[in-house]
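Okay, structure first, notes after.
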Amino acid sequence: MGYKMNKFDPGSSIQDYLVFGEFGDVNPSITDSSTFTFMTPEKMEELFDHEIEGCFLYSRHWNPINKYLSDALARMEDSESAIVTASGMSAISCSILQLCGCGDEVVASRTIYGGTYALFKNFFPKVGIKTTFVNITDLDSVKNAITEKTKVIYAESVSNPLLEVADIPALSKIAKEHNITLIIDNTFSPMIISPIRLGADVVIYSLTKFANGTSDCVAGAVCASSDFIHQLTDINSGATMLLGPVLDSYRAASILKNLHSLHIRMKQHGKNAIYLAEKLEELGMKVFYPGLKSHRQHELFNELMNEGFGYSGMLAVDAGTTEMADKLMAKMQENQFGYLAVSLGFFKTLFSSPGHSTSSEIPKEEQDEMGLSEGLVRISVGLDNDIAQSFERMKKSMIEVGMIEEEVPV
Ligand code: PLP
């Protein structure tokens with residue numbers, strides 16, 4: 001290994017991104033228009049021909065506030081450019097459809113978000129795009145799955161829900177050797193991992209999650225080279241322009257404000273998550289968390305991560321059976337440990353059972369093969385001020401459902 005590269009602080013990168021409103025407002029104005037005026041017909045014609053910096057045509061193409069949020073994300077990722085979209089799923093589908101046509105192939109990690117898995121497995125074949133799913137931690141299986149038709153390698157930097165870590169530099173090397181595009185979904189680890197710097201070509205975000213952090217909207221982003229973002233927004237052939245998943249500008253404005261506290265939030269999510277992961281491991285539970293020494297890719301994660309943002313707020317714990325997982329989740333909600341809900345990256349703790357919700361699209365035999373146990377409980381650890389108290393609530397729930405025994409005072 002030995003990937004550790006020059007230090008990068010995505011938090012400071014965003015901090016340095018200064019934009020003002022028309023009157024010097026400290027938050028830029030919200031674009032409240034779908035269309036824009038031109039001084040002359042010639043200028044309008046010119047814009048149809050090629051993009052002109054600072055000049056806007058129609059909000060589905062670009063608008064100022066979406067551009068500000070996109071630029072801030074590009075800074076955070078250290079990518080040349082970025083574009084925000086109406087959801088993480090549209091960021092994924094537009095990127096794939098821009099790169100692949102009928103007859104082309106994708107090599108994808110089999111431990112990806114269930115919706116992405118379903119998109120690749122069930123939907124893309126309808127337009128002639130075939131996906132081969134592989135164990136992304138086995139680089140030989142990635143190489144062996146590549147054919148002459150492969151256009152994309154697709155993985156999550158930290159996978160949903162098993163928290164497997166993708167060796168982005170090694171995947172990038174394979175992608176470059178075969179002249180294919182490496183797409184990394186970094187939804188679980190913003191700030192912590194910078195995939196572009198590690199060799200990815202395209203970075204996807206579901207901004208719905210940590211990046212926004214308030215679970216009040218659905219949004220996505222693609223960070224990549226200027227060339228790729230131009231391709232996506234091309235008036236005649238761009239997937240975001242023509243399929244039209246435009247992010248509402250009011251939402252873009254609120255996400256931009258939340259993005260400025262992401263560095264603090266990621267630190268607190270990570271601090272709370274490692275506390276819970278260690279305590280649960282001490283109780284003898286099977287815990288999946290990349291910050292634990294017992295995690296198979298702990299060392300790799302250490303090599304890839306930016307310093308100072310922790311190991312993310314996502315952890316998974318195996319409750320053994322579906323029945324036990326269900327009982328535990330109901331009890332944890334009752335004992336105010338958090339909410340039984342899908343999604344992640346919220347300021348409150350959220351938990352769900354991936355085998356029966358977000359990953360339910362993955363066939364049972366494939367779930368078994370990848371170690372996705374039916375009793376797995378995925379926890380998105382919140383920003384709790386007193387995580388020791390939260391752990392006590394979780395432990396109380398575990399005792400009440402009979403998962404662990406009550407300690408007998410000595
Ligand atoms: N990528 C990951 C890793 C996710 O967890 C999700 C949603 O849960 C998505 C993409 C899809 O994002 P959205 O729900 O914003 O469309």
Side-chain angles (χ1 to χ4, degrees), residues 69 73 77 82-97 106 108-124 131 133 136 152 154-166 168 183-193 195 200 202-223 239-240 243-248 251-252 254-255 258-259 266 269 288 290 312-316 339 341-346 350-362 370 372 376 378-381:
L69 175 58
L73 288 162
E77 284 312 303
I83 183 161
V84 289
T85 57
S87 64
M89 290 310 293
S90 56
I92 299 166
S93 53
C94 286
S95 298
I96 297 289
L97 290 171
V106 174
S109 164
R110 60 188 185 178
T111 51
I112 47 177
Y113 163 59
T116 314
Y117 188 94
L119 174 72
F120 287 1
K121 182 144 185 162
N122 306 330
F123 195 90
F124 281 148
T131 299
F133 293 97
I136 206 76
V152 168
Y154 187 96
E156 292 172 4
S157 39
V158 184
S159 79
N160 190 350
L162 288 171
L163 309 167
E164 283 176 346
V165 181
I168 300 169
I183 304 185
I184 296 288
D185 180 333
N186 201 37
T187 298
F188 276 32
S189 46
M191 300 259 158
I192 302 167
I193 296 203
V202 176
V203 176
I204 298 288
Y205 275 105
S206 166
L207 298 177
T208 317
K209 314 290 160 40
F210 288 105
N212 184 42
T214 40
S215 287
D216 52 0
C217 70
V218 173
V222 182
C223 304
T240 58
L243 298 174
V246 62
L247 179 61
D248 180 76
R251 280 308 180 189
S254 66
I255 297 169
N258 286 355
L259 200 65
M266 289 317 288
H269 283 299
F288 299 83
S312 188
M314 299 304 298
L315 66 87
Y339 296 132
V342 294
S343 202
L344 52 118
F346 188 35
L350 303 178
F351 40 83
S352 59
S353 169
H356 299 270
S357 55
T358 49
S359 300
S360 56
E361 293 86 350
I362 304 174
M370 65 176 73
L372 208 164
L376 204 72
R378 187 187 77 177
I379 304 176
S380 166
V381 184

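Computed from heavy atoms alone, side chains included, the values below leave out hydrogens, waters and symmetry copies. Counting starts at 1 for both ligands and their atoms, following the listed order.
Side-chain contact between Ile92 and Tyr154 is present, with heavy atoms from C-beta onward closer than 4.5 Å. Contact of the Cys217 side chain with the Ile255 side chain is registered, since non-hydrogen atoms from C-beta on lie closer than 4.5 Å.
For ligand 1, the polar-atom distance check finds no N/O of Glu156 at less than 3.5 Å from any of the ligand's N/O atoms. For Val218, no nitrogen or oxygen atom sits less than 3.5 Å from a nitrogen or oxygen atom of ligand 1, counting backbone and side chain alike. The shortest N or O to N or O distance between Met89 and ligand 1 is under 3.5 Å. Below 3.5 Å of separation, one finds no N or O of Thr116 facing any N or O of ligand 1.
Each of the following atoms of ligand 1 lies closer than 4.0 Å to a heavy atom of Ser206: 9 (C), 10 (C), 12 (O), 13 (P), 15 (O). For ligand 1, the atoms lying closer than 4.0 Å to a non-hydrogen atom of Gly88 are 12 (O), 13 (P), 15 (O), 16 (O). Of all the atoms in ligand 1, the ones that sit under 4.0 Å from a non-hydrogen atom of Thr208 are 13 (P), 15 (O). Taking a cut-off of under 4.0 Å to the non-hydrogen atoms of Asp185, the atoms of ligand 1 that pass are 1 (N), 2 (C), 3 (C), 10 (C).
Here salt bridge (charged side-chain N to carboxylate O under 4.0 Å, His left out) pairs that include residues 82-95, with residues two or more places apart or in two chains, number zero.
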Query raised in the report: When you look at Phe124 and Val106, which way does the side-chain contact (heavy atoms from CB on, under 4.5 Å) test go after all the steps?
Result: CA-CA 10 Å; Phe124 281 148; Val106 174; 5.8 Å; no
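In this structure, the side-chain contact (heavy atoms from CB on, under 4.5 Å) partners of Ala221, at least two apart in sequence or on a different chain, are Leu73, Val84, Tyr205, Leu207.
Using a 4.0 Å cut-off between heavy atoms, Ala219 contacts ligand 1 through its backbone alone, with no side-chain atom that close.
Atom-to-atom distance recorded for Leu162:CG and Ile112:CD1 is 12.5 Å, nearest 0.5 angstrom. With rounding to the nearest 0.5 Å, the separation of OG in Ser206 from CZ in Phe188 is 9.5 Å.
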